[in-house]
Amino acid sequence: MEGGNRLFRYIGGRLLQSILVLFCVTVFAFMLIRIAPGNPAQMMLPDTATEEQIHEMEIKLGLDKSLPMQYIQYITGIFRGDLGFSTTYRVPVSDIIPSRLISTGKLTLATVICGCLISIPLGIIAGAKRGTAIDFFAVFFALLGQSMSPVWLAVLNVYIFSVWLGWLPAMGSGGLIHIILPMVTLAYPMAAEITRISRSGMIDALGEDYITSTYAKGIKRSVVYRKYAFKNALIPVVTLVGLQVAGFLAGTVIVETVYAWPGIGHLITQAVSNRDYALVQSLLLISATVFTIINLIVDIINSFIDPRIILE
């Protein structure tokens with residue numbers, strides 16, 4: 001019972017922190033986009049628009065009001081489910097984001113599954129068999145993947161598999177074949193980092209005193225690896241995977257732009273370049289919400305893996 005109360009208090013505290021973070025994000029997103037130069041009302045009109053026409057558009061968009069009033073309207077709109085009107089697409093923001101979020105979600109899911117299926121077994125086995133050929137391969141795999149720039153890797157993949165070999169499309173999202181190149185571009189650096197972390201975690205876990213005690217009790221090495229060492233090596237891996245998932249869902253700007261993948265990252269670049277206040281604010285808020293939710297889920301999972309976390 002006491003453990004359950006501690007867990008609820010821990011989750012409650014994390015929820016309060018998340019709410020505070022999201023509130024701060026709304027303030028910063030609201031202010032930063034307005035500090036930047038440019039007038040969205042003017043961008044919606046032709047170059048020949050007069051000052052009166054620009055002023056009328058500002059009134060229509062609510063930009064003539066004071067900043068506190070604009071912020072209050074922004075916050076109350078969020079609670080009503082109204083994220084504002086996109087000056088770029090001329091439709092409500094709530095009509096744009098869902099399809100883009102689904103597109104990014106598909107890419108994220110494929111990337112995480114591919115990356116984890118390769119990296120976690122490779123890192124765990126390399127850590128358990130330190131100094132062997134598979135350990136050398138895992139270290140080389142991790143070093144190579146982490147030294148590659150996503151931009152360089154994306155361009156290289158396009159050149160090899162689209163231009164040179166002609167096997168895969170270079171851009172778009174027409175079918176499953178279109179997801180391969182952006183998935184590989186994201187999955188390899190992710191898999192490299194997870195391999196390094198899981199290998200290090202396994203090595204550290206196997207060096208603990210309690211592992212020596214299990215050997216002294218005559219427990220089989222395979223059981224020690226699976227039941228004891230792997231569990232503790234998993235905590236940093238879960239944390240890293242959670243951060244990667246949050247980052248992907250918040251928008252992989254470079255990869256989605258290179259491959260013209262119609263996701264959140266690609267939408268962010270368009271919104272910023274067009275000074276689309278409502279769209280930028282909503283995307284920043286969604287990105288922050290994804291990060292806080294994923295981090296909360298990761299903390300809860302880690303507290304089940306190692307109950308000592310909720311005591312800290």
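We count residues from 1, following the sequence as given.
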Colleague: Distance from Met183 atom CE to Leu109 atom CG, nearest 0.5 Å?
Modeller: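 If we round to the nearest 0.5 Å, Met183:CE and Leu109:CG are 11.0 Å apart.
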Colleague: Tell me if a side-chain donor or acceptor on Thr292 pairs with a main-chain N or O of Ala288 at a distance below 3.5 Å.
Modeller: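 At least one qualifying donor-acceptor pair exists.
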Colleague: Locate the shortest heavy-atom distance separating Ile179 from Lys106; write the atom from each residue and the value.
Modeller: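 Where Ile179 meets Lys106 most closely, the heavy atoms are CD1-O, 3.8 Å.
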Colleague: Might you point out which heavy atoms bring Ala187 and Cys114 nearest each other, and give the distance in Å?
Modeller: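 Where Ala187 meets Cys114 most closely, the heavy atoms are CB-SG, 4.3 Å.
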Colleague: Kindly say whether Ala154 contributes a backbone atom to a donor-acceptor pair with the side chain of Tyr259 at under 3.5 angstrom?
Modeller: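 Checking the backbone N and O of Ala154 against the side chain of Tyr259, a donor-acceptor pair under 3.5 Å is found.
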Colleague: Distance check, rounded to the nearest 0.5 Å: Glu256 atom CD versus Thr185 atom OG1?
Modeller: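 If I round to the nearest 0.5 Å, the distance is 12.0 Å.
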Colleague: Side-chain contact test, heavy atoms from C-beta onward, threshold under 4.5 Å: evaluate it for Gln244 versus Val112 and give yes or no.
Modeller: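 No; the side chains remain at least 4.5 Å from each other.
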Colleague: Judged by atom type as modelled, is there a donor-acceptor pair below 3.5 Å linking the side chain of Ser282 to the main-chain atoms of Leu279?
Modeller: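 Flag not set: sc Ser282 to bb Leu279 has no pair under 3.5 Å.
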Colleague: Between Phe141 and Ile118, is any pair of side-chain heavy atoms under 4.5 Å apart?
Modeller: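 Contact flag for Phe141/Ile118 side chains = yes.
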Colleague: List the atom of Ala128, the atom of Met202, and the distance in Å for their closest heavy-atom pair.
Modeller: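 Where Ala128 meets Met202 most closely, the heavy atoms are N-CG, 3.9 Å.
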Colleague: Supply the atom-to-atom distance Leu101 CG to Thr108 OG1, rounded to the nearest 0.5 angstrom.
Modeller: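 Here the interatomic distance stands at 8.5 Å.
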Colleague: Less than 4.5 Å apart, side chain to side chain, heavy atoms only: is that true for Val184 and Phe161?
Modeller: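 No, every pair of side-chain atoms sits at 4.5 Å or beyond.
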Colleague: A side-chain contact here means heavy atoms from C-beta on lying under 4.5 Å apart; do His178 and Leu168 qualify?
Modeller: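 When only atoms from C-beta onward are counted, Leu168 and His178 do not touch, as no gap falls below 4.5 Å.
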Colleague: Determine, using the 4.5 Å side-chain heavy-atom cutoff (strictly less than), whether Ile286 and Tyr71 are members of one ILVMFWY cluster.
Modeller: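 Yes; Tyr71 is reachable from Ile286 via cluster members.
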Colleague: Report yes if the side chains of Leu156 and Met148 come closer than 4.5 Å at any heavy-atom pair, otherwise no.
Modeller: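 When only atoms from C-beta onward are counted, Met148 and Leu156 do not touch, as no gap falls below 4.5 Å.
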Colleague: Do any N or O atoms from the side chain of Asp95 and from the backbone of Val91 form a donor-acceptor pair under 3.5 angstrom?
Modeller: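 Not a single qualifying donor-acceptor pair exists.
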Colleague: When rounded to the nearest 0.5 angstrom, what is the spacing between CD1 in Ile97 and CG in Leu285?
Modeller: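 Here the interatomic distance stands at 9.0 Å.
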Colleague: Membership question, hydrophobic clusters at under 4.5 Å side-chain separation (ILVMFWY): are Leu117 and Ile197 in the same one?
Modeller: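 They do not share one cluster, since no chain of ILVMFWY contacts under 4.5 Å joins Ile197 to Leu117.
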Colleague: Under the criterion side chain to side chain contact (heavy atoms under 4.5 Å, CB included), I'd like the reasoning laid out for Phe137 against Leu122: C-alpha separation, chi angles, the key distance, then a yes or no.
Modeller: CA-CA 9 Å; Phe137 172 77; Leu122 180 60; 4.0 Å; yes
Colleague: I'd like to know if the side chain of Ser198 and the backbone of Thr195 have a donor-acceptor N/O pair within less than 3.5 Å.
Modeller: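 Yes; at least one donor-acceptor contact below 3.5 Å.
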Colleague: Which heavy atom of Pro121 sits nearest a heavy atom of Cys116, and at what distance?
Modeller: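 The pair with the smallest heavy-atom distance is CD-O, 3.4 Å.
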Colleague: Is the shortest heavy-atom distance from the side chain of Arg130 to the side chain of Arg199 under 4.5 Å?
Modeller: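 Counting from C-beta outward, Arg130 and Arg199 do come under 4.5 Å.
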Colleague: In the single-linkage hydrophobic clustering (I, L, V, M, F, W, Y; side-chain heavy atoms under 4.5 Å), do Ile113 and Ile124 co-cluster?
Modeller: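 In one cluster: no.
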Colleague: Tell me whether Tyr188 is reachable from Trp152 by hopping between hydrophobic residues (I, L, V, M, F, W, Y) whose side-chain heavy atoms are closer than 4.5 Å.
Modeller: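 Looking at the clustering, Tyr188 is in the same group as Trp152.
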Colleague: Can you see whether Trp167 engages Ser162 through a side-chain donor-acceptor pair at a distance of less than 3.5 angstrom?
Modeller: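 Checked: Trp167/Ser162 side chains show no N/O donor-acceptor pair below 3.5 Å.
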Colleague: Any donor and acceptor pair, going by atom type alone, linking the side chain of Thr104 with main-chain N or O of Ile264 inside 3.5 Å?
Modeller: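 Between the backbone of Ile264 and the side chain of Thr104 there is a qualifying donor-acceptor contact (under 3.5 Å).
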Colleague: Do Leu186 and Ile177 sit in one hydrophobic cluster, given that two such residues count as connected whenever their side-chain heavy atoms are within less than 4.5 Å of each other, even indirectly?
Modeller: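 Yes, Leu186 connects to Ile177 through the hydrophobic network.
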Colleague: Could you grab the distance from atom CG of Leu181 to atom CD1 of Ile160, nearest 0.5 Å is fine?
Modeller: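 The CG atom of Leu181 sits 10.0 Å away from the CD1 atom of Ile160.
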Colleague: CH2/Trp261 to CG/Leu267 distance, rounded to the nearest 0.5 angstrom?
Modeller: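 Answer for the CH2-CG pair, Trp261 versus Leu267, is 15.0 Å.
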